[in-house]
Amino acid sequence: MRRKIVAGNWKMNKTFQEAEDLLDELAGRLNEEQEDQDVEVIVCPPYLYVEMAHDLCSDEDDATQVYYSVGVQDVSEHDKGAHTGEVSAAMLSSMDVEYCIVGHSERRRYFGETDAQVARKVEQLLQNEITPIVCCGEQAEDREAGKQFEVIGRQLKEGLFNLKPLDFSRLIIAYEPVWAIGTGKTATPEQAQEIHAWIRNQIQEQYGKEIARVIPILYGGSCNAKTAKDLFAQPDIDGGLIGGASLNADDFIAIVNSFDK
Ligand code: PEP
């Protein structure tokens with residue numbers, strides 16, 4: 001069976017106090033209300049709150065009791081040096097960050113992140129033992145033109161298929177149709193399943209059946225407490241990358257509890 005994962009992408013939200021309140025609430029309530037302990041919960045706050053997120057992520061007296069894992073939203077493609085404002089994978093690793101989102105459509109669209117940069121970021125993360133959560137997905141006009149497979153195929157090929165099989169098997173993929181992100185327009189379970197199955201098939205062609213079988217593929221794009229259940233019930237959807245709904249403990253915990261029992 002594949003891992004079940006729900007990751008929250010806070011984006012550029014929350015002041016220090018708001019972040020502390022939400023992390024505190026999440027830790028307490030995940031401890032009490034998470035119904036399926038096999039669901040891996042990941043929280044990706046802004047960099048500034050990583051240390052606090054780490055301090056609150058587990059039981060004070062028993063660090064093996066982990067409520068959520070800590071991730072971040074981006075990483076530098078460089079290892080160190082004159083890159084003002086950037087944060088390296090080695091720095092993240094030294095702060096015990098375990099996961100990092102790469103290739104989010106907002107980074108691609110507003111910061112011009114290319115597939116080649118995605119490939120370099122993934123490489124940096126893997127070298128530093130951080131699991132990349134790599135986003136792919138088509139724009140509305142790609143889908144209207146029937147080009148979704150072409151676009152996603154290119155993102156996979158140029159961003160990820162240069163990896164050796166062992167490295168590729170350490171990834172989490174997130175399918176995030178750009179037209180669904182922050183728009184309130186969730187893909188239907190059937191639309192999402194079609195793409196997830198296709199991505200898994202591409203992975204199988206490149207890396208073989210076993211790797212394709214174990215790679216988690218998350219859905220992202222206006223996923224909420226109402227839509228998560230039907231999405232997560234699809235055979236190739238292994239959980240969600242959640243934006244807006246991860247900013248509220250009620251919504252996020254309801255999503256964590258949306259897998260079939
Ligand atoms: C995201 O940005 O990764 C995302 C899925 O956002 P939202 O859930 O708000 O659409």
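Source: prediction; values computed, not measured. Numbers for residues simply follow the sequence, beginning at 1. Hydrogens, waters and symmetry mates play no part in the numbers below; they use all other heavy atoms, side chains included. Both ligands and their constituent atoms are indexed starting at 1 by order of listing.
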Under 4.0 Å to a heavy atom of Ser222 - the qualifying atoms of ligand 1, by number
7 (P), 8 (O), 10 (O)
Would you call Arg213 and Glu210 a salt bridge, using N to O less than 4.0 angstrom?
yes
At the 4.0 Å heavy-atom cut-off, does Ala245 count as touching ligand 1?
no
So the atoms of ligand 1 within less than 4.0 Å of a heavy atom of Ala180 turn out to be 10 (O)
To the nearest 0.1 Å, how far is atom 3 (O) of ligand 1 from its closest protein heavy atom, and which atom is that?
Glu176 OE2, 2.7 Å
Near Lys11 (heavy-atom distance under 4.0 Å), the atoms of ligand 1 are 1 (C), 2 (O), 6 (O)
So which bit of Ile181 gets within less than 4.0 Å of ligand 1, heavy atoms only: side chain, backbone, both or neither?
both
Does Asp115 pair with Lys157 as a salt bridge, N-O distance under 4.0 Å?
no
Within a distance under 4.0 Å of any heavy atom of Gly182, pick out the atoms of ligand 1 and give their elements.
7 (P), 9 (O), 10 (O)
Can you tell me the protein heavy atom closest to atom 8 (O) of ligand 1 and the distance?
Gly243 N, 2.9 Å
With a cut-off of 4.0 Å, which atoms of ligand 1 are near a heavy atom of His104?
1 (C), 2 (O), 3 (O)
Which heavy atom of Ala192 sits nearest to which heavy atom of Leu231, and what is that distance?
CB-CD2, 3.9 Å
Enumerate the atoms of ligand 1 whose separation from the nearest heavy atom of Gly221 is less than 4.0 angstrom.
5 (C), 10 (O)
For the side chain of Asn162 and the backbone of Glu158, is there at least one donor-acceptor N/O pair under 3.5 Å apart?
no
Should Arg107 and Asp74 count as an ion pair when the cut-off is N to O under 4.0 Å?
yes
Phe161/Tyr207 aromatic ring centres below 6.0 Å
yes
Hey, which of Lys4, Arg2, Arg3 is the one that makes salt bridge (charged side-chain N to carboxylate O under 4.0 Å, His left out) with Glu40?
Arg3
Within less than 4.0 angstrom of ligand 1, does Gly240 place any heavy atom?
no
Could you tell me the residue and atom name of the protein heavy atom closest to atom 9 (O) of ligand 1, and the distance to it rounded to 0.1 Å?
Gly244 N, 2.8 Å
Going by an N to O cut-off under 4.0 Å, is there a salt bridge joining Lys121 and Glu113?
yes
